[in-house]
Amino acid sequence: MSVSSPGRLRRSRRLSRLTIAPSGWASSAQSRKNSYKNSERSRASPRQAHRSMNELKPRVRFAPSPTGELHVGGARTALFNWLFACKHQGAFILRFEDTDIERNRPELIEPILESLRWLGLLWDEGPYFQSRRTSLYREWAEKLLKESKAYKCYCTPEELEEKRKAALSTKQKPKYDGRCRSLTSQEEQRFLSGERQPALRLKIPESGTITVEDAIRGKVEFDFAELDDFIILRSDGRPTYNFAVVVDDVTMGITHVIRADEHLNNTPKQILIYQAFGYPVPVFAHVPMVLAKDRSKLSKRHGATAVAEFHDRGVLPEALVNYLARLGWSHGDQEIFSTEELIANFSLEAVHPSAAIFDEEKLFWVNQHYLKTGDPKRLGELVRPLLVKLNIMNEAEAQTVLTERLAQIVVLFRERAKTLVELAEPARYLLTDNFSYESEAVQKFLTPEKIALLHGLAEAFVAVEPFTASNLEQAARAYLESQGKALKEIAQPCRVALTGKTVGTGLFETMELLGKERVINRLRRAGL
RNA sequence: GUCCCCAUCGACUAGUGGCCUAGGUCAUGGCCCUUUCAAGGCCAAAACACGGGUUCGAAUCCCGUUGGGGACGCCA
């Protein structure tokens with residue numbers, strides 16, 4: 001299916017849509033192939049050809065350009081596509097828009113694949129690469145040339161650039177003047193014998209309007225006067241973006257084009273290409289942009305923008321998915337959605353049409369929610385690699401920590417952690433002696449009088465067996481009573497002696513997790 | 001400059017002509033709980049951009065203004 005001639009496809013379009021329809025979400029989920037190395041060879045299996053007409057399932061695609069990272073805006077577009085496909089048991093296709101050959105490099109592609117996988121946005125087909133389909137585009141473009149729907153343009157980029165500048169300087173809309181649209185055969189001969197390689201331009205109607213039916217925005221009308229005969233094939237034979245998109249969407253049987261708002265202006269051009277080939281247009285849905293706090297386009301200068309960065313900062317994939325879904329989409333007053341709920345309730349009509357600002361605060365709140373409700377063992381295992389990354393212990397040491405122990409830390413600390421990183425940090429004083437004391441805290445709480453009490457407390461704990469929070473509390477209260485002191489008076493000094501900090505979980509829970517040896521040692525050492 | 005999109009609390013949004021004295025969530029402030037910090041509970045402050053219509057009635061429909069965003073490439 002990756003190479004079909006226009007004619008062949010035209011005759012069998014309906015059939016070809018059927019033959020590539022997936023066998024349904026549940027079953028295709030198991031057979032997802034995420035290795036892009038083999039994907040160009042993948043074909044629909046013959047048994048899938050037996051679908052009946054009314055069982056037509058939607059086919060959507062996510063088509064990023066390989067930039068080396070998946071942007072949160074792109075991730076949301078991918079998510080909306082994926083949710084739509086899941087909801088309607090359709091197919092979610094991944095395709096890289098790399099007609100610009102420079103961009104076809106594994107190091108620019110692999111990180112995007114990785115982020116999609118991490119988010120759980122697995123694709124049913126692809127990834128496809130435009131750079132590997134150039135002969136297909138050429139074939140399709142030549143068909144338009146033969147039918148006089150396109151023509152050769154010999155203008156050089158320099159000439160065109162000059163005209164564009166001239167137009168802009170006189171405050172005109174820069175448009176191609178159609179110079180090569182009707183060359184005489186003599187002129188054509190002259191160019192043919194010359195050095196210039198022609199580009200191919202699409203002939204567009206002189207007047208009239210074209211209406212885009214958008215699932216999110218309704219009807220949007222464009223005047224042909226706003227458009228010009230745009231290039232579909234560059235002089236070096238590579239297709240331009242708008243042309244490749246349409247050829248791909250047609251050959252891949254895409255039924256719903258769900259993409260970012262910035263493409264709305266390209267849509268009339270693309271519709272013109274559909275019309276030139278005589279194909280029906282898919283449903284378009286232009287999702288609003290994701291903006292930074294200052295309402296400008298989200299970019300590096302605004303801090304973290306890539307999915308991978310949030311992963312590194314200790315954000316859970318389900319939290320990012322939940323947050324991104326709620327950014328521009330809603331279902332009543334509900335804030336927390338499981339993946340199943342997202343799929344069940346998603347609809348393009350419920351996508352809010354205005355641009356949304358990416359708010360890290362709320363993302364972290366959602367993240368904490370999943371931290372608080374997630375399975376402690378699973379979360380504990382996610383913390384393990386962070387022990388090394390945060391320099392708490394070395395690789396070998398990190399491997400020896402029991403899952404149960406990590407799970408305990410998770411349970412104890414997740415109510416005061418917004419990220420996995422924050423969850424891992426207390427492991428420093430819990431699991432090792434390699435931590436520092438906050439000097440301000442030491443100064444304030446470890447006074448001679450308190451230190452004496454802590455030393456006494458240490459000895460009182462020697463007999464505590466088993467070393468549990470409740471036993472410890474009992475022992476501590478008994479000892480303090482004998483000294484005529486209240487727990488309140490030594491709680492903070494004790495915490496500082498044990499953890500180096502003034503904040504943390506319940507004192508006795510902390511002790512239990514620290515273990516008898518560490519507690520007694522640290523109390524005896526207090527003030528030294 | 002031209003074209004296109006958008007417009008409810010600081011942020012995400014609910015709202016589809018009367019249920020709105022505009023609801024929820026994040027963030028903010030206060031109180032409670034408390035061995036600290038959180039978490040949790042309660043409360044508060046906080047918005048229909050503006051101007052015209054249409055209508056008995058408008059956040060909701062229409063027009064304009066303003067503001068924000070996007071596009072105008074042999075980039076994608």
Side-chain angles (χ1 to χ4, degrees), chain A residues 63-67 96-100 102-103 130 153 155-157 160-161 164 167-176 197-201 212 214 216-217 220-223 225-228 230-242 244-245 260-268 286 288-289 291 293 295-297 323 326-336 352-366 368 372 413-418 422 441 445 473 476 486-496 499 501-508 510:
Chain A
S65 69
T67 54
F96 281 97
E97 314 255 298
D98 60 345
T99 58
D100 188 350
E102 276 295 290
R103 299 191 195 230
Q130 293 187 326
C153 172
C155 300
T156 65
L160 294 169
E161 185 54 33
R164 181 172 306 116
L168 243 20
S169 71
T170 58
K171 306 211 187 282
Q172 301 278 315
K173 189 180 176 76
K175 274 177 63 173
Y176 178 62
Q197 286 297 314
L200 238 50
R201 284 184 187 272
V212 179
D214 191 280
I216 296 171
R217 289 156 209 291
V220 182
E221 202 179 68
F222 293 87
D223 200 310
E226 291 304 321
L227 273 25
D228 61 3
F230 57 93
I231 290 175
I232 56 175
L233 213 60
R234 293 179 252 243
S235 47
D236 64 1
R238 284 152 51 227
T240 56
Y241 166 75
N242 283 119
V245 163
D261 207 14
E262 51 191 329
H263 292 293
L264 184 54
N265 283 294
N266 285 323
T267 310
H286 289 93
M289 310 269 299
L291 267 27
K293 253 199 158 65
R295 303 214 128 264
S296 69
K297 212 170 171 177
Y323 174 73
R326 272 290 286 102
L327 194 62
W329 172 85
S330 60
H331 181 67
D333 283 340
Q334 192 171 343
E335 295 287 347
I336 300 298
H352 194 87
S354 62
I357 290 172
F358 189 87
D359 181 13
E360 279 190 6
E361 293 291 339
K362 188 158 182 181
L363 167 63
F364 286 128
W365 174 79
V366 175
Q368 184 173 40
K372 283 195 295 187
F413 282 90
R414 59 178 166 187
E415 296 207 330
R416 57 213 82 206
K418 292 209 178 291
E422 288 176 22
F445 291 107
E473 178 159 6
L487 177 60
K488 209 175 176 125
E489 296 179 63
I490 64 114
Q492 282 302 76
C494 190
R495 182 186 307 284
V496 172
T499 71
K501 299 175 193 304
T502 56
V503 302
T505 51
L507 195 51
F508 301 107
T510 307

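All heavy atoms count here, side chains included; hydrogens, waters and symmetry mates do not. Below, chains carry the letters A, B, ... as their sequence lines are ordered, and counting in each starts from 1.
If you check rC56(B) for Watson-Crick or wobble pairing at under 3.5 angstrom, you find it paired to rG18(B). Across all strands shown, rA49(B) pairs with rU65(B); the Watson-Crick or G-U wobble distances both stay below 3.5 Å. Partner assigned to rC3(B) is rG70(B), using Watson-Crick or G-U wobble distances below 3.5 angstrom. When both pairing distances are held under 3.5 Å, rA38(B) makes no Watson-Crick or G-U pair with any nucleotide shown.
Rounded to whole Å, atom P of rA76(B) lies 9 Å from atom CG of Asp98(A). Counting to the nearest Å, the P atom of rA71(B) and the CZ atom of Phe222(A) are 13 Å from each other. Atom C1' of nucleotide rC4(B) and atom CG of Asn266(A) are separated by 11 Å, given to the nearest angstrom. Between His263(A) atom NE2 and rC75(B) atom C1' there is a gap of 11 Å when expressed in whole angstrom units. Regarding Asn242(A), its CG atom lies at a distance of 11 Å from the P atom of rC74(B), rounded to whole Å. At whole-Å resolution of the value, CD in Glu262(A) and C1' in rC75(B) are 12 Å apart. Atom CZ in Arg217(A) sits roughly 12 Å away from atom C1' in rA7(B) (whole-Å rounding). Separating the OH atom of Tyr241(A) from the P atom of rC72(B) is a distance of 11 Å, rounded to the nearest angstrom.
For the pair Asp98(A) (side chain) and Gln130(A) (backbone), a donor-acceptor distance under 3.5 Å is present. With hydrogens and angles ignored, the 3.5 Å screen pairs a side-chain donor or acceptor of Glu489(A) with a backbone N or O of Ala486(A). Checking side-chain atoms of Arg326(A) against main-chain N and O of Ile336(A) turns up no donor-acceptor pair under 3.5 Å. Side-chain atoms of Asp228(A) never come within 3.5 Å of backbone atoms of Lys175(A) as a donor-acceptor pair (strictly under, hydrogens ignored). Within the 3.5 Å criterion, the main-chain N or O of Pro174(A) finds no donor-acceptor partner in the side chain of Arg164(A). No donor-acceptor pair under 3.5 Å is formed between the side chain of Tyr241(A) and the backbone N or O of Thr99(A).
Among the atoms of the strands shown, none is found under 4.0 Å from any heavy atom of Glu161(A). When heavy atoms are screened at a 4.0 angstrom cut-off, Asp228(A) is found touching no nucleic acid atom at all. Nucleic acid contact for His286(A): none, since no nucleic acid atom lies under 4.0 Å from a heavy atom of the residue. Across all strands, Lys175(A) comes closer than 4.0 Å to no nucleic acid atom at all (heavy-atom distances). Counting any heavy atom pair closer than 4.0 Å across all strands shown, Cys494(A) reaches no nucleic acid atom. Arg414(A) comes within 4.0 angstrom of no nucleic acid atom, judged by non-hydrogen atoms across all strands.
For the pair Asp236(A) and Asn265(A), both in contact range of RNA chain B, the more 5′-proximal nearest nucleotide belongs to Asn265(A).
By the 4.0 Å N-to-carboxylate-O rule, Glu335(A) lies close enough to Lys362(A) to be salt-bridged with it.
The phosphate of rC75(B) (OP1 or OP2) has no side-chain N or O of Thr99(A) nearer than 4.0 angstrom. A sub-4.0 Å separation between OP1 or OP2 of rC75(B) and a side-chain N or O of Arg234(A) is present.
Checking rA71(B), rC74(B), rG1(B) against every side-chain atom of Pro174(A), the shortest atom distance belongs to rG1(B). Nearest nucleotide to the Glu361(A) side chain, out of rC26(B), rG70(B), rC74(B): rC26(B).
Contact between Cys494(A) and Leu507(A) at its shortest, heavy atoms only, is CB-CD2, 4.1 Å. A pairwise comparison of heavy atoms in Phe222(A) and Leu264(A) identifies CZ-O, 3.8 Å as the closest pair.
The gap from the C1' atom of rA49(B) to that of rC6(B) amounts to 13 Å, rounded to the nearest Å. Across the C1' atoms, rA44(B) and rU2(B) are found 49 Å apart, a figure rounded to whole Å. Going from the C1' atom of rU28(B) to that of rC72(B) covers 42 Å, rounded to whole Å. rA58(B) and rA45(B): their C1' atoms are spaced 27 Å apart (whole Å). Taking atom C1' on both rG64(B) and rU54(B), the two are 15 Å apart, rounded to the nearest angstrom. Going from the C1' atom of rG10(B) to that of rU16(B) covers 27 Å, rounded to whole Å. Distance noted for atom C1' between rU25(B) and rU66(B): 30 Å (whole Å). Spacing of P atoms, rC62(B) relative to rU21(B), comes out at 23 Å, to the nearest Å.
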Quick one: which protein N/O atoms are closer than 3.5 Å to N/O atoms of nucleotides 8-16 of chain B? Pair and distance per line, please.
residue: rC12(B); atom: OP1; partner: Ile357(A); partner atom: N; Å: 3.1
residue: rC12(B); atom: O2'; partner: Arg326(A); partner atom: O; Å: 3.0
residue: rC12(B); atom: O2; partner: Lys362(A); partner atom: NZ; Å: 3.4
residue: rU13(B); atom: OP1; partner: Gly328(A); partner atom: N; Å: 2.4
residue: rU13(B); atom: O3'; partner: Ser330(A); partner atom: OG; Å: 3.0
residue: rA14(B); atom: OP1; partner: Ser330(A); partner atom: OG; Å: 2.9
residue: rA14(B); atom: OP2; partner: His352(A); partner atom: ND1; Å: 2.9

Using a cut-off of under 3.5 Å, enumerate the N/O to N/O pairs linking the protein to nucleotides 60-63 of chain B.
none

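Proximity of Val496(A) to Thr502(A): side-chain heavy atoms (C-beta onward) are separated by under 4.5 Å at one or more points. Residues Thr505(A) and Arg416(A) meet the side-chain proximity criterion, which asks for heavy atoms closer than 4.5 Å. Phe96(A) has its side chain out of reach of Ser65(A): every pair of non-hydrogen atoms, C-beta onward, lies at least 4.5 Å apart. Counting heavy atoms from C-beta on, the side chains of Val212(A) and Arg217(A) never come closer than 4.5 Å.
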What verdict does the side-chain contact (heavy atoms from CB on, under 4.5 Å) test give for Lys372(A) and Glu415(A), after you've listed the backbone C-alpha separation in whole Å, the side-chain angles of each residue and the deciding distance to 0.1 Å? CA-CA 6 Å; Lys372(A) 283 195 295 187; Glu415(A) 296 207 330; 4.3 Å; yes
For each nucleotide in nucleotides 31-48 of chain B, reading 5' to 3', give B when a protein heavy atom comes within less than 4.0 Å of its base, S when such contact involves only the sugar-phosphate, and - otherwise. ----BBBBSS--------
